[in-house]
Amino acid sequence: MVGLPIPEGWKRSHFSADIKPSIKGEKVTVLGMVLSVRKQGGLCFVILQDRYGTLQVTAHKDRTEPQVFERLTGLKAHSYIGVKGVVKAIEKAPRGAEVEVDDLYVFSEPKRLPPFDMFAKTLPSLDKRLEIRAVDLRRPTAQAVFKIRHQVLQAIRSFLVEKGFIEVNTPKIIGSATEGGAALFPLLYYDKEAFLAQSPQLYKEQLSSAFERVFEIGPVFRAEKFKTPRHLSEITSVDVEMAFADYEDVMKLLEEMIHRAITDVLDKCSEELKALEIELEKPRLPLKRLTYNEAYKTLKKLDVEVSWGEDFSTPALRKLGELNPGFYFITDWPTVSKPFYIKPREDNPRLSESFDLMHGSLELASGGSRVSSRDLLARRLRRQGLNPKLFEYHLRVYEYGMPPHAGFGLGLERFMMAITGISNIREVTLFPRDQTRLTP
RNA sequence: GCCCUGGUGGUGUAGCCCGGCCCAGCAUAGGAGGCUGUCGCCCUCCCGACGCGGGUUCGAAUCCCGCCCAGGGCGCCA
């Protein structure tokens, strides 16, 4: 029976969520995956999981066809089945209603056991689960993470669209580094050397001159050889760029965007939040804004090692996270610590119009006002040791005029970590890529 | 790349410091059976493991060396 098309009469009539006391007496066909089978003498309870949740299926020995009863009680978790039966309103049943089996169709049974139990308190190591990630994702708690992720993406998209942004996609195969540095994956592009894009940065800036407001949600690639619970080689970046705006404007946009995302998750994902035991709170706007210099002084006072002009070390960020739980901005970074396209402040060029969005000690996003003068951009490139010739394709656009613009890039997985409180980025990524993991 | 910790049945762990009491304990999954309102059911019985290679020793899961793998920390960043 494995591999056969869905047989006559076995199309789904109801989802689990539709089985309520109010439709008692109706004949239904439900399809899904078996989570558990509990036999109790002449009674059998099967928990079936589908797209919308779980449902109890019951069989009484004295009321069910003997073959059907035998087949049902013999089922293992991870079997994909169809059940025809009548909806009963039963107070003792999980959702106040259950389906009493008349007929059963088994689409597929597992040939082997997954190395974990669907409800187990103790899970196998993440490493083991990732080897058969799709099976791991059958666990209700694992699913909850990605249902929340979906809601976050929906919220971000509709928020940005409402604000007049258009969604774009830019090349992921590029001919030269976007921001310099060595953190790129090289690849062979026909007979040329090419790279996987580490950011849509330059493209989105260019596009902001044509469309004014653009955003892209897509993968970016980093070849950094880091093995930490918050780094991956491939991540999803939410990139936003806006003409006629400065960093204050886009900080406001960003905080409203995450507020909207969290609000929507609270409204629409209460089941998932419950499954993950998350106490999510809406951040209060405006978020706290801490300047780099303020943070620097605070850390210095606490005898944390800091060096002006450099990014904060991990231990320093941990300290800042202790002092500032939740979401906050660190603004006005030293110009030397930021990429060439970040605009120095007019009143003090040693500082830049830039910000990082933090959640505790975790960096979620960074952004700022951009340089819109071609000559300044070329000068900044040179000063950072980059070859302006490699960026000719980019500088060229600026010769034809460029509006002032600003933007940010938000790491979607990092944001998911902040929302869910999950401390390993792999756990909030369907198929994570890191130094050692290239499959599945 | 460096530093630190750890690898015991399908899975999660106890045992390791202080070698023999460990033909390795517990839980869960799996197999057999029992149970008519369970709800991560319950009860009885069964099955099943010391990462790999060398060494020390009368004797190694336990001590030593090498390798492999994993987790954490650091640098970098989202």
Please pick, from [options], the nucleotide with the shortest atom-to-atom distance to any side-chain atom of [X].
{"X": "A:Arg230", "options": "B:G37, B:C74, B:U38", "value": "B:C74"}
{"X": "A:Lys227", "options": "B:C76, B:U36, B:G72", "value": "B:G72"}
{"X": "A:Arg318", "options": "B:G37, B:C74, B:A29", "value": "B:C74"}

*Identify, between A:Arg63 and A:Leu364, the residue whose nearest nucleotide on RNA chain B lies closer to the 5' end.*
A:Arg63
*Please tell me which of A:Pro315 and A:Gln435 maps to the more 5' nucleotide of RNA chain B, matching each residue to the nucleotide holding its nearest heavy atom.*
A:Gln435
*Should A:Asn424 be listed as having a side-chain N or O under 4.0 Å from OP1 or OP2 of B:G71?*
no
*Establish whether the base of B:G75 is bridged to the side chain of A:His231 by a donor-acceptor pair shorter than 3.5 Å.*
no
*Under 3.5 Å, is there an N or O donor on one side and an acceptor on the other linking the side chain of A:Arg414 and the base of B:C77?*
yes
Taking the same atom, [atom1], in [N] and in [M], what whole-Å distance lies between them?
{"N": "B:C16", "M": "B:A29", "atom1": "C1'", "answer": "27 Å"}
{"N": "B:G40", "M": "B:C47", "atom1": "C1'", "answer": "23 Å"}
{"N": "B:G33", "M": "B:U8", "atom1": "P", "answer": "33 Å"}
{"N": "B:G59", "M": "B:C21", "atom1": "C1'", "answer": "14 Å"}
{"N": "B:A32", "M": "B:C39", "atom1": "P", "answer": "22 Å"}

*Any idea which heavy atoms bring A:Tyr247 and A:Ser354 closest together, and the distance?*
CD1-N, 3.4 Å
Sidechain N-carboxylate O distance under 4.0 Å for [X], [Y]:
{"X": "A:Glu167", "Y": "A:Arg157", "value": "yes"}
{"X": "A:Glu322", "Y": "A:Lys319", "value": "yes"}
{"X": "A:Lys84", "Y": "A:Asp102", "value": "no"}

*asked:* Does any part of the side chain of A:Ile262, heavy atoms only, come nearer than 4.5 Å to the side chain of A:Pro283, both counted from C-beta?
replied: yes
*Under a 3.5 Å cut-off on both pairing distances, which runs of 3 or more consecutive Watson-Crick or G-U pairs involve RNA chain B?*
B:1-7 with B:68-74, B:10-13 with B:25-28, B:30-34 with B:42-46, B:51-55 with B:63-67
*Take the angle between the ring planes of A:Tyr105 and A:Phe107 and call it parallel below 30°, perpendicular above 60°, tilted in between.*
perpendicular
_Parallel, tilted or perpendicular, judged at 30° and 60°: which one describes the rings of A:Phe327 and A:Phe415?_
tilted
